[in-house]
Each structure stands twice: as C-alpha cells, then as structure tokens.
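By convention here, the first residue in the shown sequence is residue 1.
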Amino acid sequence: MSFSELGSNFPDHCLVRKCQRDGCGLLLNPKSINKILDLDHVVLNLANHTRCDFLIFTKKNKRVYVVPVELKSGGVSNAKGVVDQLQGGVEQANRWLEKGVDFDLIPILAHGKGLHKDIWNKFRRLKVNFRGRKEKVVLRKCGSKLSEVMTNK
C-alpha cells in the first residue's frame, strides 16, 4: 500500500493488520487501503506521551482520512482523558501526513460498555483539533465497522 501523502519518515515497522486490543477493536474493510499504526510500539518511544492506541490512515474515493482510535473494553469514566489521548494521536499524525493534503479527521472511541449520560454529554462538547479541523469524538461499540463511520463523512 502506498500513500504519497505520507512523509518519507513513515514508521513501517509499527504497522499492524488489526485495530484490536484487550477484546476491543474496530472492524476494517480488507479491500480498503489502510495503514494502521500501533502507537504503543516501543520503537516510537512514546511511553511518556499521552496518545491513543492506534492511528489509522485510510483512503476512500481518493480522500485521505486520519483516524485516531482509542479502545476501552470496559467502561469510560473520563471523557477529557480520552479526548486527550486522541489529541495525542493526531499530534503524532502531524509527523507523517504531508502539509497541504486535504483530509478528513475522524477521532473514534470504541468502548465495550454503555456510556453514562454524563460522560456521553461531555463527549458531545469536547473536540479533537488537527490542522485547523475540530471534530467531535465518534462513539462506537467494540466490534463496529470503520466503514459505517466513514459513510457519515
């Protein structure tokens, strides 16, 4: 898979085939062009940085999508903490996405348990910012399809 929009310093050694951890994940279309980075990979040396679990670069109809993903197999008690993790993921994306590339941003939290109304409402107010784009976090159950989220874009 080739993305000319990604910089030459793209860390191929951190690529994985699935967006899955601890019983939670997103289902990806195997026919899509995806680059999935495990941001916990030791080579990235991000142990002391707040970041999400995965960062997905995907293409649909020649458009690039930047998709930071945080996985929570259990419940979520801190919406701001999750948004901070997703924000850390897009800050890493800035290292690999060439300047001037037109893209869509889709920050995703995949969760295993239902969200309390107060947490849900906090997510509705918080946004992830990347290169002038501000997007609300898309909330999905573990096992959801990424393609369903992208059809809404």
Side-chain angles (χ1 to χ4, degrees), residues 1 3 5-6 10-60 63-97 103-131 133-153:
M1 286 178 253
F3 279 95
E5 296 87 354
L6 297 176
F10 191 70
D12 289 333
H13 50 276
C14 302
L15 292 175
V16 294
R17 292 179 181 249
K18 295 181 180 181
C19 181
Q20 189 172 352
R21 183 169 293 143
D22 298 328
C24 185
L26 289 177
L27 299 176
L28 305 174
N29 182 345
K31 295 180 181 178
S32 295
I33 298 174
N34 298 311
K35 291 231 180 221
I36 308 163
L37 285 95
D38 181 348
L39 293 184
D40 289 336
H41 195 286
V42 68
V43 175
L44 290 175
N45 196 25
L46 297 176
N48 295 327
H49 294 83
T50 301
R51 80 252 176 229
C52 56
D53 294 311
F54 294 94
L55 181 59
I56 301 171
F57 292 95
T58 190
K59 276 185 143 177
K60 179 181 176 184
R63 186 152 182 89
V64 174
Y65 291 84
V66 177
V67 185
V69 179
E70 179 61 24
L71 304 174
K72 300 286 187 194
S73 58
V76 177
S77 60
N78 183 353
K80 173 85 168 77
V82 170
V83 171
D84 288 346
Q85 288 176 291
L86 293 165
Q87 188 65 51
V90 295
E91 288 168 10
Q92 295 306 313
N94 199 43
R95 295 166 57 184
W96 302 303
L97 189 68
F103 68 92
D104 278 327
L105 173 65
I106 308 174
I108 297 176
L109 165 65
H111 58 91
K113 294 186 178 179
L115 298 176
H116 189 274
K117 182 180 176 183
D118 293 339
I119 296 294
W120 189 277
N121 286 332
K122 286 180 184 177
F123 274 116
R124 291 175 62 188
R125 291 189 302 270
L126 297 170
K127 293 184 180 181
V128 174
N129 302 305
F130 182 52
R131 295 186 182 176
R133 306 264 172 99
K134 296 180 182 182
E135 294 291 338
K136 292 181 183 177
V137 177
V138 176
L139 306 172
R140 290 291 184 265
K141 287 284 204 173
C142 294
S144 295
K145 295 179 181 179
L146 178 60
S147 60
E148 292 174 356
V149 176
M150 291 176 65
T151 57
N152 295 330
K153 280 288 187 181

Test of understanding: with salt bridge (charged side-chain N to carboxylate O under 4.0 Å, His left out), list the residues that count as partners of Arg63, not counting sequence neighbours. Asp102, Asp104

Qualifying residues under ring pair (Phe, Tyr, Trp, His ring centres under 6.0 Å), relative to His41, sequence neighbours excluded: His13

With sequence neighbours excluded, tell me which residues meet salt bridge (charged side-chain N to carboxylate O under 4.0 Å, His left out) with Lys72. Glu70

For Cys24, disulfide (SG to SG under 2.5 Å) partners two or more places apart: Cys142

Sequence-distant partners of Asp40, side chain to side chain donor-acceptor pair (under 3.5 Å), two or more places apart: Arg21, Arg51

Given side chains that start at C-beta, do those of Leu39 and Phe54 come closer than 4.5 Å, heavy atoms only? no

Contacts of type side chain to side chain donor-acceptor pair (under 3.5 Å), residue Asp22, not counting sequence neighbours: none

For residues 109-117, which side-chain N or O atoms pair as donor and acceptor with protein atoms under 3.5 Å away, sequence neighbours left out?
from   : atom 1 : to     : atom 2 : distance (Å)
His111 : ND1    : Lys113 : O      : 2.5
His116 : ND1    : Asp118 : N      : 3.1

Sequence-distant partners of Lys145, side-chain contact (heavy atoms from CB on, under 4.5 Å), two or more places apart: Leu27, Ser147, Glu148

Residues passing the side chain to side chain donor-acceptor pair (under 3.5 Å) test with Lys80, sequence neighbours excluded, are Asp84

Would you please name every residue forming a ring pair (Phe, Tyr, Trp, His ring centres under 6.0 Å) with Phe130, sequence neighbours left out? Phe103

Going by the rule side-chain contact (heavy atoms from CB on, under 4.5 Å), which residues pair with Gln87 if we only count those two or more places apart in sequence or in a different chain? Val90, Glu91, Val128, Asn129

Run the side chain to side chain donor-acceptor pair (under 3.5 Å) test against Gln92 and tell me which residues pass, sequence neighbours left out. Arg95

